[in-house]
**Q** 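This structure is in structure tokens; I'll ask about it shortly.
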Amino acid sequence: MSVRTRFAPSPTGYLHIGGARTAFFNWLLARRHQGEFILRIDDTDEARHVEDAVGKILEGFAWLGLGWDEGPEFAEHGGGSRGPYYQSQRSSLYEAAIVDLIRRGHAYPDVTPPEETELARKAAEAAKQPFVYRGKDRDIAPADALVLYESQRPSVRFKVPTGQTTVLEDKVRGRVEWQTDLLGDFTIARTGGKPLYNLASVLDDIGMEITHIVRAEEHLSNTHPQLHLFEGLGAKPPVFAHIPYVAAPATKKKLSKRNPPPGVMVAIEEYQKAGYLPAAILNALGRLGWSLDDKTELMDVELMKANFSLERVIASPAGLDPDKMFWMQDHYMRQLTRDQRVDLMLPFLVDAKLIADPVPEEARRIVEHIDQACGDRLKLLADIVRYGSFCFAPTLEHDKEAAKNLRKEGVASALVQIRNAVAHAEPFDLATLESAIQKVGAETGMGGKINNVVRAAVTGRTVGPGVFDCLVLLGKEKSLRHIDQSIQAFSVDAPTS
RNA sequence: GGCCCCGUCGUCUAGUCGGUCUAGGACACAGGAUUUUCAUUCCUGCAACACGGGUUCAAAUCCCGUCGGGGUCACCA
């Protein structure tokens, strides 16, 4: 039988980095064994519904390049033989299963009002006792239960056998035992008939013939109830693998969207906006709890696809390592050709309103030139905005450091000499400019430091591509304009000496 | 609090079911060389088996306990 894995996000409106990692592992496992990866939307709880939430998640998958074999967008075309892939559209299946479970004595209606069970739960909590709840009617005859269910549509509980120990052979946790007496009868349908997660999830996994469930360890405690459900439904449970949750950097705490540590990005979309490459994200995610061997850090998708295995997934929490991810990003940026990089960077300049939308051919050539002049200084795609803005921004703006440099003693007069040198540079190329500026450096006694002044005056920044590249990039006319602007802006404050 | 899971350099981790592990790699960091900014590149260095008991000729690896961290205990997913 082929391997069938799934990822079942609830439509929250964004793809969490931890969710993406879980999805990726499922995807890798399926690809590794030429199986299928299924995407299913767990939207049984309308209260959580967010507008276009599914679209955002699908976009995340598309950007990462993780394709699915069955799932939402196929449903519309009738593709994916085991659909629909939205739980909200599978109600009749759940309904039938609930009736079936009651008929066979595996579940029973519980008319206890929610407020009452809630009270019992609170009391147990206050007494520091485990909350093990069993409905009063758990031993009702199936026929009567059915009548009660049909007439009142109360909540339904699964009748967990007492006094047993269930065993889970988890692919990464090993053997995990659980006493059924600690479980209680969990609810599978709320009042009115809507199925709850555990039921819907198990039913779908059966219906979609899922063979391997790879999910984060916070689901470990859901697994034993689900195991009973599989049994009650007469199905063979799939292989389970509970992978470690993704922890916030340098902590063992689960990384959450609610309160992420300062500077830590959680949604995949944020990484995209920051200018990360999918290859870097995927590589970093692949190393989150999984390793190829004792030394390989850089792994492209093909390599991971060919080697992924649950056996090498670790059991302890996997902490996100932003520094390492950044280092990987640097690596994948270098793997790209200039054309590829430029294609990817252009949208960032458009978004920053620095270049027009149908990108003019001229702008593209400048960006190519900037890319060439920057070399490996461009780490994130968005860096093009930082390093290239002086070429496109309508007015030159000096950042704090650059302004500081230009206010130094003697700089004002040096700027005039620099202007002269630039004005007379002919031809306007790297070599000519370099020797001309060097001459000014010697005359002013500033030596090599003159370059810092030129950069600050021309680009408004203290870091960036080579100085002479910057001049050539701008061309003589614009270079002079920038220098003039700098002279004007800083001559007042500068000492007159 | 109950139950469950986890515990190797600052960080991410390797550690094939006990034996060249005086614990390996990578990131980060520090120092040096190259670079007239920055970024690279190249050396060098720093640095860990949570603790305490066992078992064994031998333990990071097995067992027990302690401590620590985390997850989960819904008519949420």
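Every chain is numbered from 1 and lettered A, B, ... according to where its sequence line falls, protein lines coming before strand lines.
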**Q** Rounded to whole angstroms, how far apart are CG on A/D383 and P on B/U40?
**A**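 Between P of B/U40 and CG of A/D383: 12 Å.
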**Q** Using the P atom on both, measure B/C29 against B/U40 and round to a whole Å.
**A**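 Those two atoms are separated by 10 Å.
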**Q** Quick one: is B/C75 close enough that its OP1 or OP2 comes under 4.0 Å of any side-chain N or O from A/R157?
**A** yes
**Q** Look at all strands and tell whether A/F131 reaches a base, only sugar-phosphate, or nothing, counting heavy atoms closer than 4.0 Å.
**A**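 Sugar-phosphate contact only - A/F131 comes under 4.0 Å of backbone atoms but never of a base.
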**Q** Counting the atoms with a prime plus P, OP1 and OP2 as sugar-phosphate, which does A/T459 contact under 4.0 Å by heavy atoms, base, sugar-phosphate, or nothing?
**A** nothing
**Q** Quick check: closest heavy atoms across A/A97 and A/L203, and the distance to 0.1 Å?
**A**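 Taking every non-hydrogen atom into account, CB-CD2, 3.3 Å.
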**Q** Measuring only the P atom in each nucleotide, how far is B/C17 from B/A60? A whole number of Å is fine.
**A** 15 Å
**Q** Name the closest nucleotide to the A/W178 side chain, picking from B/C75, B/A26, B/C4.
**A**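 Looking only at heavy atoms from C-beta outward on A/W178, the closest nucleotide is B/C4.
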**Q** Please pick, from B/C5, B/A39, B/C3, the nucleotide with the shortest atom-to-atom distance to any side-chain atom of A/R173.
**A**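 Side chain of A/R173 sits closest to B/C5.
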**Q** Measure CG/A/L380 against P/B/A39 and give the value in whole Å, please.
**A**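 So the CG-P distance, A/L380 to B/A39, works out to 14 Å.
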**Q** First locate atom CD1 of A/I366, then atom CG of A/L474, and finally report the distance between them rounded to the nearest 0.5 Å.
**A** 8.5 Å
**Q** Considering only atom P, compute the distance from B/C63 to B/G7 and round it to an integer number of Å.
**A**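 12 Å, rounded to whole Å.
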**Q** If you measure from the P atom in B/A26 to the same atom in B/C46, how many Å do you get, rounded?
**A** 15 Å
**Q** Mind checking the C1' distance from B/U20 to B/U37? Whole angstroms is fine.
**A**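 About 49 Å, rounded to a whole number of Å.
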**Q** When all nucleic acid strands are considered with a 4.0 Å heavy-atom cut-off, which category describes A/T187: base, sugar-phosphate, or nothing?
**A** sugar-phosphate
**Q** Roughly, in whole Å, what's the span from CG in A/D399 to P in B/U37?
**A**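 It is 18 Å, rounded to the nearest whole Å.
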**Q** So which nucleotide does B/U41 pair with, by the Watson-Crick or G-U wobble rule with both distances under 3.5 Å?
**A** B/A33
**Q** For A/F186 and B/U72, give me the distance from atom CZ to atom C1', rounded to whole Å.
**A**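 Those two atoms, CZ and C1', are 15 Å apart.
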**Q** Please state whether the base of B/C75 and the side chain of A/T191 form at least one donor-acceptor pair under 3.5 Å?
**A**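 It does, because a donor-acceptor pair links the side chain of A/T191 to the base of B/C75 below 3.5 Å.
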**Q** May I ask which nucleotide in the shown strands pairs with B/A50, Watson-Crick or G-U wobble, both distances under 3.5 Å?
**A** B/U66
**Q** Does A/R121 have a side-chain nitrogen or oxygen under 4.0 Å from the phosphate oxygens OP1 or OP2 of B/A74?
**A**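 The answer is yes; a side-chain N or O of A/R121 sits under 4.0 Å from OP1 or OP2.
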**Q** State whether the aromatic ring of A/H219 stacks on the base of B/A77, taking stacking to mean ring centres under 5.5 Å apart and ring planes under 30° to each other.
**A**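 The base of B/A77 is stacked with A/H219 (centres under 5.5 Å, planes under 30°).
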**Q** Say you pick atom P in B/A23 and the same atom in B/C51; how far apart are they, in whole Å?
**A** 15 Å
**Q** Give A/R334 one of three labels, base, sugar-phosphate or nothing, depending on what nucleic acid heavy atoms sit under 4.0 Å from its own.
**A**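 Counting heavy atoms under 4.0 Å across all strands, the contact made by A/R334 is with sugar-phosphate only.
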**Q** Under 4.0 Å, heavy atoms only, any strand: does A/D330 hit a base, just the sugar-phosphate, or nothing?
**A**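 Here A/D330 touches no strand at all.
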**Q** On RNA chain B, check which nucleotide each of A/V176 and A/P113 is closest to and give me the residue with the more 5' one.
**A**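 With A/V176 and A/P113 compared, the 5'-side residue is A/V176.
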**Q** Is there a Watson-Crick or G-U wobble partner for B/C57 with both distances under 3.5 Å, and if so, which one is it?
**A** B/G19
**Q** Is it true that A/Y108 and A/D185 share a donor-acceptor pair across their side chains at a distance under 3.5 Å?
**A**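 A/Y108 and A/D185 do have a side-chain donor-acceptor pair below 3.5 Å.
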**Q** Measure centre to centre between the rings of A/F7 and A/F37, then say whether the value is under 6.0 Å.
**A**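 No, ring centres 6.0 Å or more apart.
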**Q** To the nearest Å, how far apart are A/L182 CG and B/U72 P?
**A**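 Computing the A/L182:CG to B/U72:P distance gives 18 Å.
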**Q** Assign a letter to each nucleotide of nucleotides 9-17 of chain B from its 5' end: B, base within under 4.0 Å of a protein heavy atom; S, sugar-phosphate only; -, no contact.
**A** --BBSSS--
**Q** Return yes if some donor-acceptor pair links the side-chain N/O of A/R157 with the main-chain N/O of A/D110 below 3.5 Å, else return no.
**A**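 Side chain of A/R157 to backbone of A/D110, a donor-acceptor pair under 3.5 Å: no, none is there.
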**Q** When the C1' atoms of B/C9 and B/A14 are compared, how many Å lie between them, rounded to an integer?
**A**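 It comes out at 13 Å once rounded to the nearest Å.
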**Q** Extract all donor-acceptor atom pairs below 3.5 Å that involve side chains of residues 381-391 of chain A and protein atoms in other chains or at least two apart in sequence.
**A**
{"from": "A/D383", "atom 1": "OD1", "to": "A/R386", "atom 2": "NH2", "distance (Å)": "3.2"}
{"from": "A/D383", "atom 1": "OD2", "to": "A/K379", "atom 2": "N", "distance (Å)": "2.9"}
{"from": "A/D383", "atom 1": "OD2", "to": "A/L380", "atom 2": "N", "distance (Å)": "2.8"}

**Q** Starting at CD of A/E434 and ending at P of B/U35, how long is that distance when rounded to a whole Å?
**A**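 Whole-Å distance recorded here is 13 Å.
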**Q** For B/G53 and B/U61, measure between their P atoms and round to the nearest Å.
**A**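 Their P atoms lie roughly 14 Å apart.
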**Q** Ignoring hydrogens and angles, answer whether the base of B/A77 and the side-chain atoms of A/D43 contain a donor-acceptor pair closer than 3.5 Å.
**A**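 It does not, because no donor-acceptor pair links the side chain of A/D43 to the base of B/A77 below 3.5 Å.
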**Q** Is there a side-chain contact between A/K254 and the phosphate of B/U72, meaning an N or O under 4.0 Å from OP1 or OP2?
**A** yes
**Q** Using a heavy-atom cut-off of 4.0 Å across all strands, would you classify A/R461 as base, sugar-phosphate, or nothing?
**A** nothing
**Q** Could you tell me whether A/K171 and A/E311 make a salt bridge, using a distance below 4.0 angstrom between a side-chain N and a carboxylate O?
**A** yes
**Q** Which part of the nucleic acid, if any, lies within reach of A/Y245 when heavy atoms closer than 4.0 Å are counted: base, sugar-phosphate only, or nothing?
**A**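 Sugar-phosphate, no base atom in range.
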**Q** Compute whether any side-chain donor of one residue and acceptor of the other, for A/R215 and A/T22, lie under 3.5 angstrom apart.
**A**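 Result is no, nothing qualifies.
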**Q** Between P on B/U37 and OH on A/Y387, what's the gap in Å once rounded to a whole number?
**A** 14 Å
**Q** Round to the nearest Å and state the distance from A/W327 atom CH2 to B/U41 atom P.
**A**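 Those two atoms, CH2 and P, are 10 Å apart.
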**Q** Do the side chain of A/D205 and the main chain of A/I210 share a donor and acceptor less than 3.5 angstrom apart?
**A** no
**Q** Please determine, for B/G1, whether a Watson-Crick or G-U wobble partner exists with both distances under 3.5 Å, and give it or none.
**A** B/C73
**Q** Could you work out which one of B/C5, B/A77, B/A39 sits closest to the side chain of A/Q87?
**A**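 That would be B/A77.
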**Q** Do you see a donor-acceptor pair shorter than 3.5 Å between the side chains of A/Y133 and A/T112?
**A**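 Side chains of A/Y133 and A/T112: pair found under 3.5 Å.
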**Q** In terms of side-chain heavy atoms of A/K253, which of B/C75, B/G70, B/U37 is nearest?
**A**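 In terms of side-chain proximity for A/K253, the closest of B/C75, B/G70, B/U37 is B/G70.
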**Q** If you check the A/A315 side chain, which of B/C6, B/G69, B/C75 turns out closest?
**A** B/C6
**Q** Taking for each residue the nucleotide of RNA chain B with the nearest heavy atom, is it A/E218 or A/L378 whose nucleotide lies nearer the 5' end?
**A** A/L378
**Q** Is A/D376 touching bases, backbone alone, or none of the nucleic acid, heavy atoms closer than 4.0 Å?
**A** base
